[in-house]
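Only one structure is covered here, and it is reproduced in the block below.
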2 protein chains.
Amino acid sequence: MPTSRSYRDSCGIARALDVVGERWALLVVRELLLAPQRFSDLRHALPGVSSNVLADRLRELEQHDVLRRDPDSGRYDLTDRGRQLEPILVALGDWGIEAPQPPPPAALSATSVLLFLRGAAHPDPAAPPVTYRLELDGRVWTLRLADGRAEVRPGEPPIADVSLRTDPATLSALLAGSAMLTATRAAVAGDPSAIDRLVRAVAEPDPG
Amino acid sequence: MPTSRSYRDSCGIARALDVVGERWALLVVRELLLAPQRFSDLRHALPGVSSNVLADRLRELEQHDVLRRDPDSGRYDLTDRGRQLEPILVALGDWGIEAPQPPPPAALSATSVLLFLRGAAHPDPAAPPVTYRLELDGRVWTLRLADGRAEVRPGEPPIADVSLRTDPATLSALLAGSAMLTATRAAVAGDPSAIDRLVRAVAEPDPG
DNA sequence: CAGGATCCTTAGCGATACTG
DNA sequence: CAGTATCGCTAAGGATCCTG
């Protein structure tokens with residue numbers, strides 16, 4: 001039984017919150033920012049949400065034209081309207097970064113780390129492009145550093161300079177500089193120096 | 001008894017929602033964007049929130065350094081950190097404008113209308129500045145059109161070209177062009193043509 | 001009277017078990 | 001795998017009642 005309460009307020013902010021203000025709704029949207037996801041993908045990325053609540057949120061968000069379920073693949077993907085939330089979510093995430101960290105154990109989905117990575121990376125614009133194959137939680141992503149910014153896409157890269165297989169928490173620790181690659185159980189193939197370059201691109205201050 | 005549940009997710013978006021994701025929290029922030037407000041002001045602006053929930057939200061938001069209560073005046077005001085939410089809320093409101101209107105009766109606070117007005121107004125940059133004295137729900141605001149944009153501040157203007165006393169819904173209807181000034185119970189003093197100019201500034205398309 | 005605090009009811013949430 | 005059914009818990013909603 002989906003939620004059907006409203007703020008009954010004509011303001012755009014209140015009407016937006018009528019759509020995406022229920023618990024877990026914006027985190028579901030977050031998980032779909034980089035790639036479509038199945039029901040089980042979302043459950044794995046959001047271990048705190050129970051299946052009935054997730055089903056409710058997906059139904060409501062589909063009714064409000066934020067996302068759509070593809071009947072063939074069973075995957076949920078954002079609609080154009082849902083995708084318009086991306087800059088808002090990114091800005092909200094930047095704001096939330098300043099908040100105190102939740103006490104562990106805290107979840108960290110692949111999408112979360114990749115969104116952070118994409119936003120925090122400031123690679124040297126003059127350096128040649130690099131392509132990474134990232135395998136996180138068994139799923140493959142393509143990361144490309146080029147033209148001074150990072151681009152993330154789902155799926156296999158055509159060619160990759162380096163391949164890194166690990167989990168979101170380890171990747172996050174690497175990027176934060178709180179772990180050395182050799183001290184983790186990450187599997188690397190290809191040019192290891194490209195990993196250093198990635199870490200430095202995230203560590204260096206925003207040139208803007 | 002304040003809410004103290006967390007998404008337990010390290011992502012900045014989730015941590016932001018741990019602070020401002022509870023019901024009514026962002027609408028409280030909205031009400032404080034333009035001016036400090038008392039507890040009773042907030043209750044009036046948000047007729048759907050019950051006093052215990054409002055008290056809980058204010059406590060939580062104060063604990064998280066989003067707002068602060070001034071002991072002398074009893075007014076709640078945003079902190080610097082809370083004010084950083086302004087562009088996010090404005091963007092969320094723009095997104096929400098596209099959502100279907102809630103069935104009436106829907107609330108419409110003075111802050112809501114003034115936020116909409118400030119964002120939607122595109123006055124002729126070449127025209128001379130105009131200052132309005134707006135009295136909404138018994139509270140006085142200063143509105144100034146100058147340099148191609150609108151500025152809203154709480155309190156009496158030093159001098160005003162025109163004074164308009166009405167309620168938020170009537171002002172909204174005037175701005176939307178769905179009501180004529182002469183057909184409302186709005187009280188006007190000063191230069192009535194300045195009201196027309198305001199309506200046109202809102203009606204005209206965004207030059208940007 | 002403003003600014004809450006208390007009480008009670010309801011509805012959304014969280015966890016687990018179950019089904020096509 | 002992709003949800004549905006069930007149930008106890010907790011936050012939200014509404015009214016009333018304190019306290020300066």
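Side-chain atoms are counted along with the backbone in the values below, which use heavy atoms only and exclude waters and symmetry mates. Just so you know, these numbers come straight off a predicted model, no measurement behind them. Letters A, B, ... are given to chains in the order of the sequence lines, protein chains preceding strands, and every chain is numbered from 1.
- Heavy atoms of other residues, nucleotides or ligands lying less than 6.0 angstrom from CZ of B:Arg59 number more than 12.
- Applying the side-chain contact (heavy atoms from CB on, under 4.5 Å) rule to B:Arg75 yields the partners B:Pro36, B:Arg38, B:Ser73; only residues at least two apart in sequence or on another chain are considered.
- In terms of the salt bridge (charged side-chain N to carboxylate O under 4.0 Å, His left out) criterion, B:Glu62 has no residue partners (sequence neighbours excluded).
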Per-nucleotide protein contact along nucleotides 15-20 of chain D, 5' to 3', at a 4.0 Å heavy-atom cut-off (B base, S sugar-phosphate only, - neither), is B-----

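- Listed by first then second residue, pairs satisfying salt bridge (charged side-chain N to carboxylate O under 4.0 Å, His left out) with a partner in residues 86-107 of chain A read A:Glu86-A:Arg118, not counting sequence neighbours.
- Considering only side-chain N and O atoms, B:Trp24 lies under 4.0 angstrom from the phosphate OP1 or OP2 of D:dG13.
- Interatomic distance, A:Leu164 CG to A:Ile195 CD1, rounded to the nearest 0.5 Å: 4.5 Å.
- Summarising the geometry, the separation between CG on B:Asp9 and P on C:dG14 is reported as 13 Å, rounded to the nearest angstrom.
- The line from CG of B:Leu198 to OG of B:Ser193 is 11.5 Å long, rounded to the nearest 0.5 Å.
- Distances shown here put every side-chain N or O of B:Tyr7 at or beyond 4.0 Å from the OP1 or OP2 atom of C:dC13.
- Sorted by first and then second residue, the salt bridge (charged side-chain N to carboxylate O under 4.0 Å, His left out) pairs with a member in residues 176-203 of chain B form an empty list; sequence neighbours excluded.
- Among residues two or more places apart in sequence or in another chain, the side-chain contact (heavy atoms from CB on, under 4.5 Å) test is passed with B:Asp161 by B:Val130, B:Thr131.
- Crowding of A:Arg81 atom CZ: a count of heavy atoms from other residues, nucleotides or ligands under 6.0 Å exceeding 12.
- Taking atom CG of B:Leu46 as the reference point, atom C1' of D:dG14 lies 16 Å away to the nearest angstrom.
- Distance from the side chain of B:Arg23 is smallest to D:dA12 among C:dG4, C:dG12, D:dA12.
- Near DNA chain D, meaning a heavy atom under 4.0 Å away, there are no residues from residues 11-22 of chain A.
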Where do B:Val49 and B:Arg57 land on the side-chain contact (heavy atoms from CB on, under 4.5 Å) test, with the steps shown first? CA-CA 10 Å; B:Val49 68; B:Arg57 283 308 95 85; 6.0 Å; no

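- The distance between atom CG of A:Leu54 and atom P of C:dT16, rounded to the nearest whole Å, is 16 Å.
- More than 12 heavy-atom neighbours from other residues, nucleotides or ligands sit within 6.0 angstrom of CZ on A:Arg139.
- Using a 4.0 Å cut-off on heavy atoms, the residues of residues 56-73 of chain A that approach DNA chain D are A:Arg59, A:Arg69, listed by number.
- Atom CZ of B:Arg8 is separated from atom P of C:dA15 by 10 Å (rounded to the nearest Å).
- Taking five base pairs at each end of the helix from C:dC1-D:dG20 to C:dG20-D:dC1, the local helix axes there meet at an angle of 30°, rounded to 10°.
- Residues in residues 17-56 of chain A take part in these ring pair (Phe, Tyr, Trp, His ring centres under 6.0 Å) pairs, two or more places apart or across chains: A:Trp24-B:Tyr7.
- In terms of position on DNA chain D, the residue among A:Ala55 and A:Ser6 whose nearest nucleotide sits closer to the 5' end is A:Ala55.
- Between B:Leu26 and B:Val20, the shortest heavy-atom distance links the atoms CG-O, 3.5 Å.
- Of the residues in residues 26-39 of chain B, not one comes within less than 4.0 Å of DNA chain D through any heavy atom.
- Rounded to whole Å, the distance from CG on A:Leu42 to C1' on D:dG3 is 13 Å.
- Between the NE2 atom of B:His44 and the C1' atom of C:dG4 there is a distance of 18 Å, given to the nearest Å.
- The existence of a salt bridge linking B:Asp77 and B:Arg83 is confirmed by a sub-4.0 Å separation between a basic side-chain nitrogen and an acidic carboxylate oxygen.
- Of all heavy-atom pairs spanning B:Ala201 and B:Leu145, the tightest one is CB-CD1, 4.3 Å.
- Pairs passing the salt bridge (charged side-chain N to carboxylate O under 4.0 Å, His left out) check and including a residue from residues 3-21 of chain B, sequence neighbours excluded, read A:Arg30-B:Asp9, B:Arg5-B:Glu22.
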